[in-house]
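Order of the sequence lines sets the chain letters (A, B, ...), proteins ahead of strands, with each chain counted from 1.
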Amino acid sequence: MRFRLRFAPSPTGFLHVGGARTALYNYLLARSRGGDFILRMEDTDKSRSTEEAIAAIMEDLIWLGLDWDEGPDKGGPCGSYRQTERLHLYREAVDSLLAQGKAYRCFCEPGQLAQSREKAREGQVTPRYDRRCLGLSDEEVSRLLKEGRPWAARFRVPEGKTVVNDLIRGDIEFDNSTIEDFVMQRRDGTATYNLAVVVDDIYMRITHVLRGDDHLSNTPKQLLLYRALGSEPPQFAHLPMIVGADGKPLSKRHGDVAVGRYREQGFLPDAMINFLALLGWSLDDSTTIISREDLIKHFSLERVSSKPATWDTDKLIWMNQQYIMALPEERLEEEVVFFLERAGLIRGDDSQARETLRRILPLIRERMKLLTDALPLTAFFFQEVSPEIGSLDILRGEQARRMLELSRLKLTSADPFVAPIIEEVLRETASSLNMKPKQAFQPVRVAVTGSRVSPPLFESMEILGKSRCLARLDRALELAEEVNL
RNA sequence: GCCCCCAUCGUCUAGCGGCCUAGGACACCGCCCUUUCAAGGCGGCGGCGCGGAUUCAAAUUCCGCUGGGGGCACCA
């Protein structure tokens, strides 16, 4: 049997990291078994679903490298991949269930139902539909229908027990008496989530459903529906939720939850995938960095944890740094150019700037945790600097002034103006002034880079070039004058 | 109130009865290297929620408790 899995988000917002992990696990299982990965939009909630959200979700999935075989944008053999375009299928299912007596029409007013539900809650009683419309006679039903009274279709939950055979948790038994006759079709004729997923998954021949834990208690309802519709249900696996530090489901309160936000902050998709994969799954007792290929090769449900995982941005950051350090030169350049260009520091088609950047990259790559870290580390190459407020005091004092003055003078005759020579000159200067290297180089660093934290000084100076270095030393000298007043 | 899930260092986890004086990674703290910051090296801190039971032997099995979470919609 060919594995067919799907990711079915409701397009009411951006792709959430939890959703991304669900998508990833579905993707990995499909790919590891040579199956299909399908994208389907659960947009039956018309009031909250938007086209922008559909586009945004697809964009984020593409960024993550989770490509699908069938989906709203590329179609496929199983009809439309948006629920709003499959309404007729749900209607047919309801009609058939109605005809078989496995479902019935409910004419109750939603408002009234909500009211009695409230009352039940207050009375600390389990709220459940009282099946009052199940008792309606055929005559009454046709009379109400003739009157044009709106109705919803409820599924008639049979007696007995329903067991969910979860691939991660094992068998979970539910007593059907704890399940109410749920609505499958609203009075406006649209299908409800439980009906729509089941019909779609049957129709799309989905073999495995991997989804969040929060759907576990919906599963028996869906199992009942499969049975009533005469279909073999897929295999289910409920993934533990991703939670915040307080153990509550991850939400905006905990920080960024939108995949797009991580992209903007300079995270690499590969790092994100690696991190997400390990949030609930492990290969063995020691693997932390694992490639997509290996993920596909080794992913299995048996090694998925059943315990909720806490989102840990620190670990994601560390992982991102690992990926930045391992990125091939050209790739790193591309990624960094994107951010530098966006910040207005360079133009992507400026070949001279690109050349400079290529020389800087080796100096900064192990200093970057995020791609955006390249900005403060490279800005001084592309624009004039004025020492930050916090660094001004480095220029203060007689020692600093003399170091700047002397090195300015000696550097004039440094030829060629390359790192080893620059270093030699500066070290000699420092020792002639009886200064420790650390103490002596900081003023120079601030003068040249504008900051007390920078890429390696001598190499940076070489790349910057002699004239600009001398000019910056001059400026710093002037500044030092002012600071000392 | 009812149903369901979960429980190893602060965090992600390994562990599927003896290999565990519980292993790895992140974070944290030292030290080394060092022109700043990183990177790197070395070392350290730190955990089986509690109580029963089974067994020669339990982190590992069973039961109870406690704690956390999810669900109980004409939302998905």
Excluding sequence neighbours, so at least two apart, what forms ring-ring contact (aromatic ring centres under 6.0 Å, His included) with [X]?
| X | result |
| --- | --- |
| A:His16 | none |
| A:Trp318 | none |
| A:Tyr193 | A:His215 |

Q. Which of these, A:Arg445, A:Lys438, A:Gln439, sits in a side-chain hydrogen bond (donor to acceptor under 3.5 Å, both in side chains) with A:Gln442?
A.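 For A:Gln442, the side-chain hydrogen bond (donor to acceptor under 3.5 Å, both in side chains) test succeeds with only one of A:Arg445, A:Lys438, A:Gln439, which is A:Arg445.
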
Q. Ignoring hydrogens and angles, are the base of B:rA76 and the side chain of A:Asn218 linked by a donor-acceptor pair under 3.5 Å?
A.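 Per atom types, the contact qualifies.
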
Q. Is there a donor on the side chain of A:Lys315 or the base of B:rA25 sitting less than 3.5 Å from an acceptor on the other?
A.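 Yes.
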
Polar atom pairs between nucleotides 34-41 of chain B and protein, under 3.5 Å, N or O only, would you list them?
residue : atom : partner  : partner atom : Å
B:rU35  : OP1  : A:Arg427 : NH2          : 2.5
B:rU35  : O2'  : A:Arg445 : NH2          : 3.1
B:rU35  : O2   : A:Arg445 : NH2          : 2.4
B:rU36  : O4'  : A:Gln442 : OE1          : 3.3
B:rU36  : O2'  : A:Arg452 : O            : 2.9
B:rU36  : N1   : A:Arg445 : NH2          : 3.3
B:rU36  : O2   : A:Ser454 : N            : 2.8
B:rU36  : O2   : A:Ser454 : O            : 3.0
B:rU36  : N3   : A:Arg445 : NH1          : 3.4
B:rU36  : N3   : A:Ser454 : O            : 2.7
B:rU36  : O4   : A:Arg367 : NH1          : 3.4
B:rU36  : O4   : A:Pro456 : N            : 3.4
B:rC37  : O2   : A:Arg367 : NH1          : 2.8
B:rC37  : N3   : A:Arg367 : NH1          : 2.1
B:rC37  : N4   : A:Arg367 : NH1          : 3.4
B:rA38  : O2'  : A:Glu366 : O            : 2.3
B:rA38  : N1   : A:Glu366 : OE2          : 3.4
B:rA38  : N3   : A:Glu366 : OE2          : 3.3

Check: residues 456-464 of chain A side-chain donor-acceptor pairs under 3.5 Å, at least two apart:
residue  : atom : partner  : partner atom : Å
A:Ser460 : OG   : A:Pro456 : O            : 2.6
A:Glu462 : OE1  : A:Ala419 : N            : 2.7
A:Glu462 : OE2  : A:Arg359 : NH2          : 3.3

**Q.** Sequence-distant partners of A:Asp201, salt bridge (charged side-chain N to carboxylate O under 4.0 Å, His left out), two or more places apart
**A.**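 If we apply the salt bridge (charged side-chain N to carboxylate O under 4.0 Å, His left out) test to A:Asp201, skipping adjacent residues, the hits are A:Arg6, A:Arg40.
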
(Q) Using the salt bridge (charged side-chain N to carboxylate O under 4.0 Å, His left out) criterion, which residues pair with A:Asp166? Sequence neighbours excluded. (A)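 Testing A:Asp166 for salt bridge (charged side-chain N to carboxylate O under 4.0 Å, His left out), a comparison that skips the adjacent residues, returns none.
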
Q. Which pairs count as side chain to side chain donor-acceptor pair (under 3.5 Å) when at least one residue sits in residues 153-165 of chain A, sequence neighbours excluded?
A.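 Output for this query lists A:Lys161-A:Asp175, A:Thr162-A:Asn176, A:Asn165-A:Asp171.
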
Q: Could you state the atom-to-atom distance from CD of A:Glu109 to C1' of B:rA73 in whole Å?
A: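 Atom CD in A:Glu109 sits about 16 Å away from atom C1' in B:rA73.
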
Q) Does A:Thr178 or A:Asp312 map to a spot on RNA chain B nearer the 5' end, using the closest nucleotide for each? A)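 That would be A:Thr178.
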
**Q.** N/O (side chain, A:Arg128) to phosphate O (OP1/OP2, B:rC2) under 4.0 Å
**A.**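 Checking A:Arg128 against B:rC2: no side-chain N or O falls below 4.0 Å of OP1 or OP2.
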
Q) Reckon A:Arg211 touches a base, only the sugar-phosphate, or nothing at all at heavy-atom distances under 4.0 Å? A)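 Answer is nothing: A:Arg211 stays at 4.0 Å or more from every strand.
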
Q.
Please pick, from B:rC74, B:rC6, B:rA14, the nucleotide with the shortest atom-to-atom distance to any side-chain atom of A:Thr192.
A.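 Closest nucleotide to the A:Thr192 side chain: B:rC74.
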
Protein-nucleotides 66-70 of chain B N/O pairs under 3.5 Å:
residue : atom : partner  : partner atom : Å
B:rG69  : OP1  : A:Lys248 : NZ           : 2.8

